[in-house]
Amino acid sequence: MVEIDKIFDSFSGRSLFKNKNVLRINYVPEAISHRDKQIENVASILAPALKGERVSNLFVFGNTGSGKTLVVDYVSDELVKRVQANGEDVLKIVNVNCKLKKVADTEYRILAEIIRQFGGSVPVTGLPTDSVYNKFIEIIDGKKQLVLIVLDEIDQAVKKISDGFLYTLTRLNSELRNAQISLVGISNSLTFMDGLDPRVRSSLGEEELVFPPYNALQLQDILKERALQAFNEGALEEGAIAKCAAFAAREHGDARRALDLLRVAGELAEREGSKQALLRHIDEANKKIERDKMLDIIESEPKQFQLVLYSIINLHERTNGRQFFTGDIYDNYEGICNKTRNEILTQRRVSDILAEFDMLGIINARVISKGRQGRTREIKLMIPNSILSKAKEIIRDSVELG
DNA sequence: CGAGATTCATGTGAAGTATACCTTTAGGCTTAA
DNA sequence: AAGCCTAAAGGTATACTTCACATGAATCTCGTA
């Protein structure tokens, strides 16, 4: 892919990008700026892994885009490289993103995903969870090794499932004869630990690290480095980087956001046929990112979720953005289902769906009591007006609402 | 007039069901000796 | 007799339903000042 991109780019001859991948969020640069301290910490905690010894369970906290995943990935890579260079085979690192719906959002699926990364395969359903555990043990316990399980966005998983599986995971070590397991949890929420079962907390929180957000200057540094590799010379208007950094600094020092901004701004400029990414492209990029993020979520929701969302949007438009209640939504939803010959879920289920939308930030829901008028959720749609019609279009396409 | 009881519309927990899929097991059939 | 295939039996995870009880403030009721 990389090669093809390059070929096409150089062929068209007027691309702004030298190597766009540098700006992608999963790109691990060779040197990481302004995270020396953190790298040092993580590395020293995980260092015993080089000899295949068990390391302390580690928890990493910090806002989105503060480099948590990056640092952990980087240190993992280095560890693996080092181990391989020594010609040994005592360390295996698996990385699971717990947020991915339908991939790793239940205990069963997280475990299945880990096994899959070991080259095993697990059916989608049908197996008892314990036998999946057994399979997991079997697959890793074949030889002496350390298995480092990195659970990204672990707070999401614990919110959906209980924290029990973390406990089971930590307890697994006593059942292993040869291999050992260590966990690295990555979480956006600083308060994540508070809600945990004390037993889990004590066994998991052996080591904790907090990543502070980047400040605007640090962001600029990072952007400069990446931009140098990513863009051709002169492809950026003066001050573009500073502007991206400023935008992102406002978003709690979110470096991911900053990189996205730069990339999308470049793409926009390119599409326009402009020779330079201009400052105004960054403003546009800012809007586009926000928009795409939301639309992606909407698109990937299951059918029934989309139907519920559609009725929320309807209501939102009809009430001119004022707040409304569960009952209104359900009535509307029923109507839509009837009209489109879709199954109608129960109110109970819809209630849960609304709770999930709330977690996703698509709506803002608050349980209130209206006295004689009973108790309900007061709901407000959080999708910006500018993308409402696009959102409706997506849902209409995927549900065939006509 | 105010304290306490009522009430409404839905939140919420627990248990049950449908579906889709898995493994095990017991026949039944084929095959090679 | 051993090997292989198939279908039935028995089991699970997940998404959803059913049942039943919990909530909490506006409203009502009624005794009292």
Side-chain angles (χ1 to χ4, degrees), chain A residues 96-116 118-139 156-169 172 195 197 297-312 315-316 319 322-338 340-360 362-381 395 398-399:
Chain A
V96 180
N97 188 332
C98 305
K99 202 174 68 179
L100 297 176
K101 215 166 184 171
K102 294 278 181 188
V103 176
D105 58 351
T106 67
E107 178 176 17
Y108 184 96
R109 300 216 257 239
I110 289 175
L111 217 47
E113 177 60 23
I114 296 175
I115 293 177
R116 225 166 283 140
F118 268 96
S121 71
V122 182
V124 216
T125 172
L127 245 47
T129 307
D130 344 356
S131 77
V132 181
Y133 270 107
N134 288 335
K135 182 155 189 175
F136 173 57
I137 291 176
E138 197 180 300
I139 213 164
Q156 299 289 325
V158 172
K159 215 184 283 172
K160 278 205 76 167
I161 335 163
S162 76
D163 50 13
F165 86 103
L166 288 177
Y167 185 65
T168 322
L169 227 42
L172 231 43
D197 183 313
I297 297 176
I298 294 173
E299 190 163 14
S300 64
E301 288 301 309
K303 187 174 81 176
Q304 288 291 352
F305 283 58
Q306 292 187 339
L307 287 167
V308 174
L309 183 57
Y310 196 82
S311 72
I312 296 176
L315 236 40
H316 174 83
T319 58
R322 286 176 47 76
Q323 307 186 324
F324 37 88
F325 311 101
T326 308
D328 306 336
I329 294 175
Y330 193 71
D331 290 347
N332 205 297
Y333 161 79
E334 255 182 320
I336 290 172
C337 285
N338 277 329
T340 60
R341 322 235 323 120
N342 272 297
E343 278 176 274
I344 303 173
L345 298 183
T346 31
Q347 205 156 168
R348 179 71 185 78
R349 181 61 184 146
V350 171
S351 178
D352 281 349
I353 292 176
L354 290 176
E356 283 202 43
F357 279 153
D358 191 24
M359 283 214 311
L360 285 171
I362 293 179
I363 61 174
N364 194 307
R366 201 157 57 93
V367 184
I368 54 156
S369 180
K370 295 191 297 167
R372 261 277 143 120
Q373 273 68 253
R375 229 161 91 89
T376 181
R377 280 199 180 89
E378 186 183 67
I379 288 158
K380 195 167 163 216
L381 186 66
I395 298 178
S398 90
V399 189

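Throughout, protein chains are lettered first and strands after them, A, B, ... in sequence-line order, and every chain is numbered starting at 1.
- Taking 4.0 angstrom as the limit, T129(A) places a side-chain polar atom (N or O) nearer than this to OP1 or OP2 of dA13(C).
- Residue-to-nucleotide contacts include a donor-acceptor pair under 3.5 Å from the side chain of R348(A) to the base of dG13(B).
- Counting non-hydrogen atoms under 4.0 angstrom, I344(A) reaches the backbone sugars and phosphates but no base.
- Of the listed nucleotides (dC22(B), dG11(B), dC21(B)), dC22(B) has the atom at the smallest distance from the side chain of L127(A).
- Residues Q306(A) and S398(A) have side chains that bring a donor and an acceptor to within less than 3.5 angstrom of each other.
- One can place CD1 of I368(A) at 12 Å from C1' of dG11(B), the figure rounded to the nearest angstrom.
- With rounding to whole Å, K370(A) atom NZ is found 14 Å from dG11(B) atom C1'.
- Proximity note for T125(A) (side chain, C-beta onward) versus dC16(C), dA20(B), dG11(B): the nearest is dA20(B).
- Between R377(A) and dG11(B) there is a side-chain polar atom (N or O) within less than 4.0 angstrom of OP1 or OP2.
- Side-chain nitrogen and oxygen atoms of T346(A) include at least one within less than 4.0 Å of the OP1 or OP2 phosphate oxygen of dT17(C).
- Using modelled atom types, one side-chain atom of D328(A) and one backbone atom of F325(A) make a donor-acceptor pair closer than 3.5 Å.
- Here the nucleotide nearest the side chain of R372(A), chosen from dC28(C), dT12(B), dG24(C), is dC28(C).
- Remark: the Y333(A) side chain and the Q347(A) side chain contain no N/O donor-acceptor pair separated by less than 3.5 Å.
- The CZ-C1' distance, from F325(A) to dG11(B), rounds to 15 Å in whole Å.
- Spacing between atom CD1 of I353(A) and atom P of dG11(B) amounts to 13 Å, rounded to whole angstrom units.
- Between the CG atom of L354(A) and the C1' atom of dA9(B) there is a distance of 14 Å, given to the nearest Å.
- The CD1-P distance, from I110(A) to dA13(C), rounds to 15 Å in whole Å.
- Each of P123(A) and Q373(A) was assigned the nucleotide of DNA chain B with the nearest heavy atom; the assignment lying further toward the 5' end belongs to Q373(A).
- Between the Y133(A) side chain and the L172(A) main chain, no donor and acceptor come within less than 3.5 Å of each other.
- When the side-chain nitrogen and oxygen atoms of S131(A) are compared with OP1 and OP2 of dT12(C), none of them lie within a distance under 4.0 Å.
- The separation between K135(A) atom NZ and dT12(C) atom C1' is 15 Å, rounded to whole Å.
- OP1 or OP2 of dC16(C) has at least one side-chain nitrogen or oxygen of R349(A) nearer than 4.0 Å.
- For dT23(C), its base sits under 3.5 Å from the side chain of R375(A) at one donor and acceptor pair at least.
- No donor-acceptor pair under 3.5 Å is formed between the side chain of E301(A) and the backbone N or O of F357(A).
- As rounded to whole Å, 10 Å separates atom C1' of dT14(C) from atom CG of D105(A).
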